Amino acid sequence: SAKDMKHRLGFLLQKSDSCDYSSSQGKKEKISSSQRVSQEEVRKWADSLENLIHHDRGLAAFRAFLKSEYSEENIEFWVSCEDYKKTKSPAKLSPKARKIYDEFISVQATKEVNLDSCTREKTSHNMLEPTLSCFDEAQRKIFILMEKDSYRRFLKSRYYLDLVSPPGAGCRPESCKRSHTRTLDCNSNVISPCA
């Protein structure tokens, strides 16, 4: 049943944590908390980037993956835009918009995102009178870029495969390659280093 599967997953995760002496305590807590997601939820992340980034733990896993590829500016920009759209005070719109623009869009941006010149120009023009939707086009372009590129790589990475691998499979993704021949070996002959 789903409950048994969840229990076994929790047990396996605790077991893998107990043999991970090299990690700092903080890092282990982050990893184990992100792994306490139901298998059903984790599988939904593979359906769409939207499912992934609208789930707190999915967003955290995706962000960690992007960080490993030195491209976290895209998700940081997307999250900043989401936060910006929730701004209730009109007085805060302009300073918040300026901060996002300076950090991600301007020519000297510290975390410049990859936008075409037309979108960049349009966003610059929107900065004259910032509204809640002034970053919508840029945010949409970055979403599409992530969806076509980094999201696909994420689904093949250990950041995702470690979470989606079924409990009791015999070994963990990082200890065996996912080719068809190795999968058979993996389930029958390879002993988990934590077992």
Side-chain angles (χ1 to χ4, degrees), residues 2 5-6 8-10 12-13 16-17 20 22-24 26-85 100 103-105 109-116 119 135-180 182-183 186-187 192-194:
M5 195 169 159
K6 192 174 181 181
R8 280 185 283 163
L9 177 62
L12 286 171
L13 293 175
S16 70
D17 275 353
D20 186 10
S22 61
S23 290
S24 68
K27 189 176 178 186
K28 274 200 279 186
E29 282 169 16
K30 278 182 197 166
I31 290 170
S32 62
S33 72
S34 70
Q35 289 179 328
R36 279 190 217 118
V37 186
S38 75
Q39 287 292 296
E40 186 183 334
E41 193 62 46
V42 172
R43 285 189 193 97
K44 283 182 189 171
W45 298 348
D47 294 339
S48 72
L49 175 58
E50 205 157 305
N51 284 355
L52 174 69
I53 60 182
H54 282 100
H55 189 284
D56 288 345
R57 294 197 176 117
L59 178 62
F62 188 52
R63 185 179 259 158
F65 167 73
L66 291 176
K67 215 168 203 167
S68 76
E69 289 199 332
Y70 304 100
S71 63
E72 70 267 27
E73 70 279 351
N74 290 331
I75 196 65
E76 286 180 22
F77 172 67
W78 187 88
V79 169
S80 294
C81 291
E82 287 296 290
D83 180 58
Y84 175 77
K85 288 190 258 187
I100 292 170
E103 193 173 357
F104 299 103
I105 296 172
T110 52
K111 300 174 181 178
E112 187 179 352
V113 290
N114 188 8
L115 291 170
D116 59 273
T119 307
F135 293 109
D136 284 2
E137 183 63 17
Q139 185 186 19
R140 190 179 68 78
K141 293 277 173 93
I142 292 303
F143 181 88
I144 291 168
L145 182 75
M146 290 190 296
E147 191 173 42
K148 288 180 176 175
D149 186 35
S150 47
Y151 171 61
R152 290 177 183 176
R153 286 196 309 278
F154 168 77
L155 294 177
K156 295 174 185 171
S157 77
R158 68 175 180 81
Y159 292 89
Y160 180 69
L161 296 175
D162 282 359
L163 294 172
V164 81
S165 63
C171 77
R172 293 166 58 188
E174 68 268 14
S175 61
C176 70
K177 296 201 168 48
R178 291 191 169 270
S179 71
H180 295 295
R182 276 299 299 247
T183 304
C186 182
N187 289 333
S192 167
C194 298

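Predicted model, so just to flag it, every value in this text is computed and none were measured.
Within a 6.0 Å radius of CG in Asp149, other residues, nucleotides and ligands contribute more than 12 heavy atoms. The environment of NZ in Lys85 is crowded: more than 12 heavy-atom neighbours from other residues, nucleotides or ligands sit within 6.0 Å.
Of all the heavy atoms in Glu103 and Ala109, the pair that sits closest is O-CB, 3.3 Å. Counting all heavy atoms, side chain and backbone alike, Tyr159 lies closest to Ser68 at OH-CB, 3.3 Å.
Put simply, the side chain of Glu82 reaches to within 4.5 Å of the side chain of Gln139, judged on heavy atoms. Using a 4.5 Å heavy-atom threshold, the side chains of Cys81 and Phe104 count as separate. Looking only at side-chain heavy atoms (C-beta outward), Glu112 and Ile105 stay at 4.5 Å or farther from each other. Put simply, the side chain of Asp47 reaches to within 4.5 Å of the side chain of Lys44, judged on heavy atoms. Side-chain contact between Phe65 and Arg153 is present, with heavy atoms from C-beta onward closer than 4.5 Å.
Once rounded to the nearest 0.5 Å, the distance linking OG of Ser80 with CD1 of Ile75 reads 10.0 Å. Between the OG atom of Ser38 and the CZ atom of Arg57 there is a distance of 10.0 Å, given to the nearest 0.5 Å. Note that CG of Leu145 is 8.5 Å distant from CG of Leu115, once rounded to the nearest 0.5 Å. Taking CE of Met146 as the reference point, atom OG of Ser71 lies at 9.5 Å (rounded to 0.5 Å). Separation of atoms CG (Asn74) and NZ (Lys111) is listed at 12.0 Å; rounding is to 0.5 Å. Interatomic distance, CG of Asp136 versus NZ of Lys141, reported as 12.5 Å (0.5 Å rounding).
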* Could you walk me through whether Arg43 and Glu40 pass the salt bridge (Lys or Arg N to Asp or Glu O under 4.0 Å) test, one step at a time? => CA-CA 5 Å; Arg43 285 189 193 97; Glu40 186 183 334; over 6 Å; no
* Step-by-step side chain to side chain donor-acceptor pair (under 3.5 Å) determination, Thr119 to Asp116 -> CA-CA 6 Å; Thr119 307; Asp116 59 273; 2.8 Å; yes
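Gln39 places a side-chain N or O within donor-acceptor distance of the main-chain N or O of Leu163, the cut-off being under 3.5 Å. No side-chain donor-acceptor contact under 3.5 Å links Tyr151 to the backbone of Leu52. A donor-acceptor pair is defined here as one N or O able to donate and one able to accept, closer than 3.5 Å; no such pair exists between the side chain of Tyr160 and the backbone of Trp45.
Look at Glu72 and Arg63 and you find no salt bridge, because none of the NZ, NE, NH1 or NH2 atoms lies under 4.0 Å from a carboxylate O. Of the charged side-chain nitrogens involved, at least one lies within less than 4.0 Å of a carboxylate oxygen, so that Arg140 and Glu137 count as a salt-bridged pair.
Phe135 and Phe77 have perpendicular rings, their planes meeting at more than 60° on a 0 to 90° scale where under 30° would count as parallel. Between Phe143 and Trp78, the ring planes lie tilted relative to each other; the angle falls in the 30° to 60° range.
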